[in-house]
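What follows is a short report on a single structure.
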Protein chains: 2
Amino acid sequence: MFLSKSCLYGIRAAIYMASVEGNQFMSIRHISDTLDISFHFLTKILQTLTQDGIMSSYRGPNGGIMLARSPDAILLIDLVRSIDGDQIFTECFLGLPNCGNAVPCPVHDHWATIRTDIAQLLSTIKLSDLAARVNTFGHRLSENDILSSIKKPESQ
Amino acid sequence: MFLSKSCLYGIRAAIYMASVEGNQFMSIRHISDTLDISFHFLTKILQTLTQDGIMSSYRGPNGGIMLARSPDAILLIDLVRSIDGDQIFTECFLGLPNCGNAVPCPVHDHWATIRTDIAQLLSTIKLSDLAARVNTFGHRLSENDILSSIKKPESQ
DNA sequence: AAGATTTAAGACAACTTTGTCTGCAATATA
DNA sequence: TATATTGCAGACAAAGTTGTCTTAAATCTT
């Protein structure tokens, strides 16, 4: 698995939040129910995103969590970096420490290219793009396919 | 981490074996000592490669393990597929089951491209290529840098 | 045949990630 | 001020991965 489950959950939650019209506080419970993700686990992940300024939260009734800025201004790589760090964009393919241009492992050059491509790709994908695809094409965000079953109850 | 530690260890061991002149049985103990990998753990990993016909083993004194075919005929992707399976080459970026062309997740198309690139790359790299680089450039295979310190004791 | 060497196999421990539970802090509403 | 609702925080459990240890099986040497 390229990304940790924490990261996957965080991304899915962010896409869902961006896919809902009007950026308002939304309860984590609602998100975890909708996407079928453990509530407390998701809470911790969203805390990380909040601490990194990608989301903002508010306690109390009608509180919840919301995107701290426009989905246009949130890149997929921002979410990945916040949750999984940027190790995957820097570390050696063979997991060797201190692998770099000076003393590279045998796969170094090859992998560096791919790694850059991945970072490049994730840097071009905006949260708004992903959300738009969800809304337009009914893409799936949960294992239970709740979203698309809601949007397309007659299909399948 | 893109590949599991098991896979990293297996690849490093394979490269080392290919880098040594003459394809003879080599004891796992020697490999684990040289590359600073847990002996028993490495044994299990190499068992997998043996079961998949990539290596062959022989018990008893002067026994050990060797590449089952020429390093020319072993691709990096063979090692990865044997140890980590091909999930990483097929699974959804968001970890959703049943994600495919029919009902893709929002990242599906983008990731499919990268995934193919990675598989393509790993399919072009032969074990012999990697071993040649180790021998020619003194690339590192262990965290302790044993190989390059042996090959280049005066540098550093 | 006996003993040494080596891989094979499985039990088990340590560690990391993932998931659950409980209580606390902040906030709105009545 | 009391109560309900919500995120915050930490302890803890479950599961998966990684690493260790012991015994068995195969094989060579003597």
Side-chain angles (χ1 to χ4, degrees), chain A residues 1-13 17 24-68 80 83-85 87-88 91 94-95 142-143, chain B residues 1-13 17 24-68 80 83-85 87-88 91 94-95 142-143:
Chain A
M1 193 164 4
F2 186 69
L3 301 176
S4 71
K5 280 204 167 191
S6 296
C7 196
L8 300 180
Y9 292 164
I11 292 172
R12 277 153 59 180
M17 291 166 69
Q24 303 172 342
F25 284 114
M26 174 186 293
S27 80
I28 298 178
R29 175 69 69 180
H30 167 69
I31 300 172
S32 70
D33 283 351
T34 304
L35 301 185
D36 199 41
I37 300 171
S38 153
F39 168 68
H40 288 99
F41 195 37
L42 182 59
T43 294
K44 284 182 196 168
I45 298 162
L46 296 183
Q47 270 173 40
T48 301
L49 291 173
T50 299
Q51 285 158 7
D52 285 354
I54 295 173
M55 299 189 176
S56 60
S57 64
Y58 200 80
R59 300 187 195 183
N62 301 317
I65 197 157
M66 64 185 287
L67 301 174
V80 173
I83 301 172
D84 274 355
Q87 284 193 1
I88 46 174
E91 74 187 352
L94 295 185
S142 82
E143 301 193 357
Chain B
M1 192 162 8
F2 186 70
L3 301 176
S4 70
K5 280 205 167 189
S6 297
C7 196
L8 300 180
Y9 291 164
I11 292 172
R12 278 153 60 180
M17 290 166 69
Q24 303 171 342
F25 284 113
M26 173 186 294
S27 81
I28 299 177
R29 176 70 69 181
H30 167 69
I31 300 173
S32 70
D33 283 350
T34 304
L35 301 185
D36 199 40
I37 299 172
S38 153
F39 167 67
H40 288 99
F41 195 36
L42 182 59
T43 294
K44 285 182 197 170
I45 298 163
L46 296 184
Q47 271 173 37
T48 302
L49 292 172
T50 299
Q51 286 159 4
D52 285 353
I54 295 173
M55 300 190 175
S56 60
S57 64
Y58 201 79
R59 300 187 194 184
N62 301 318
I65 197 154
M66 64 185 288
L67 301 175
V80 173
I83 301 171
D84 273 356
Q87 283 192 2
I88 46 174
E91 74 187 351
L94 296 185
S142 81
E143 302 193 356

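Here is the naming used below: chain letters follow the sequence lines, and residue numbers restart at 1 for every chain. FYI, side chains are in, hydrogens and waters are out, and symmetry mates aren't considered; it's all heavy atoms of this structure.
What separates NE2 of His40(A) from C1' of dT17(C) is a distance of 18 Å, to the nearest Å. With rounding to whole Å, Phe41(A) atom CZ is found 16 Å from dT16(C) atom P. Counting to the nearest Å, the P atom of dA28(C) and the CZ atom of Arg59(A) are 12 Å from each other. In this structure, Leu8(A) places its CG atom 10 Å from P of dG19(C), rounding to the nearest Å. If you take CE of Met26(B) and C1' of dT5(C), they are 17 Å apart, rounded to a whole angstrom. Here dG16(D) presents its P atom at 9 Å from NZ of Lys5(A), a figure rounded to the nearest Å. Between the CZ atom of Arg29(A) and the P atom of dA4(D) there is a distance of 17 Å, given to the nearest Å. If you measure from atom CG of Asp33(A) to atom P of dG7(D), you get 11 Å, rounded to the nearest angstrom.
Looking at the side chain of Asn62(A), the nearest of the listed nucleotides dT29(D), dA28(C), dC8(D) is dA28(C). Considering only side-chain atoms of Phe39(A), the nucleotide from dC21(C), dG7(D), dT18(C) that sits closest is dG7(D).
The two atoms that bring Ala13(A) and Ile31(A) nearest to each other are CB-CG2, 3.9 Å, heavy atoms only. Nearest heavy-atom pair, Thr50(A) versus Ser56(A), reported as atom, atom and distance to 0.1 Å: CG2-CA, 4.2 Å. Between Cys7(B) and Val80(B) the shortest heavy-atom distance is SG-CA, 3.7 Å. The shortest non-hydrogen separation linking Ala68(A) to Gly53(A) is CB-O, 3.2 Å. Between Leu42(A) and Tyr9(A) the shortest heavy-atom distance is CD1-O, 4.2 Å. Shortest non-hydrogen contact noted between Ile88(A) and Met1(B) is CG2-N, 3.9 Å.
Under the 3.5 Å distance criterion, with hydrogens and angles disregarded, a donor-acceptor pair is assigned to the side chains of Ser4(B) and Asp84(B).
Using a 4.0 Å cutoff on non-hydrogen atoms, the parts of residues 44-57 of chain B near DNA chain C are Lys44(B), Gln47(B), Gln51(B), Ser57(B), ordered by number.
Each of Arg12(A), Gln24(A), Met26(A) was scored for a side chain to side chain contact (heavy atoms under 4.5 Å, CB included) with Met17(A), with one residue passing: Met26(A).
For dT18(C), the OP1/OP2 oxygens have a side-chain nitrogen or oxygen of Ser6(A) closer than 4.0 Å. Residue Tyr58(B) places at least one side-chain N or O under 4.0 Å from the OP1 or OP2 atom of dC28(D). The shortest distance between the side-chain N/O atoms of Tyr9(A) and the OP1/OP2 oxygens of dT18(C) is not below 4.0 Å. Regarding contacts with the backbone of dT20(C), a side-chain N or O of Ser38(A) is found under 4.0 angstrom from either OP1 or OP2.
Toward the 5′ end of DNA chain C lies the nearest nucleotide of Gly63(B), the other residue of the pair Gly63(B) and Ile37(A) mapping further downstream.
Checked by distance alone, His30(A) brings no side-chain donor or acceptor within 3.5 Å of a matching partner on the base of dT6(D).
Residues Asp33(B) and Arg29(B) form a side-chain contact, since some pair of their non-hydrogen atoms from C-beta on lies under 4.5 Å apart. The shortest side-chain heavy-atom distance between Leu49(A) and Ile83(A) falls under the 4.5 Å cut-off.
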Which nucleotides of DNA chain D pair, in dot-bracket form (Watson-Crick or G-U under 3.5 Å, | meaning another strand): ||||||||||||||||||||||||||||||
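If you check every strand for non-hydrogen atoms under 4.0 Å, Met1(B) touches nothing.
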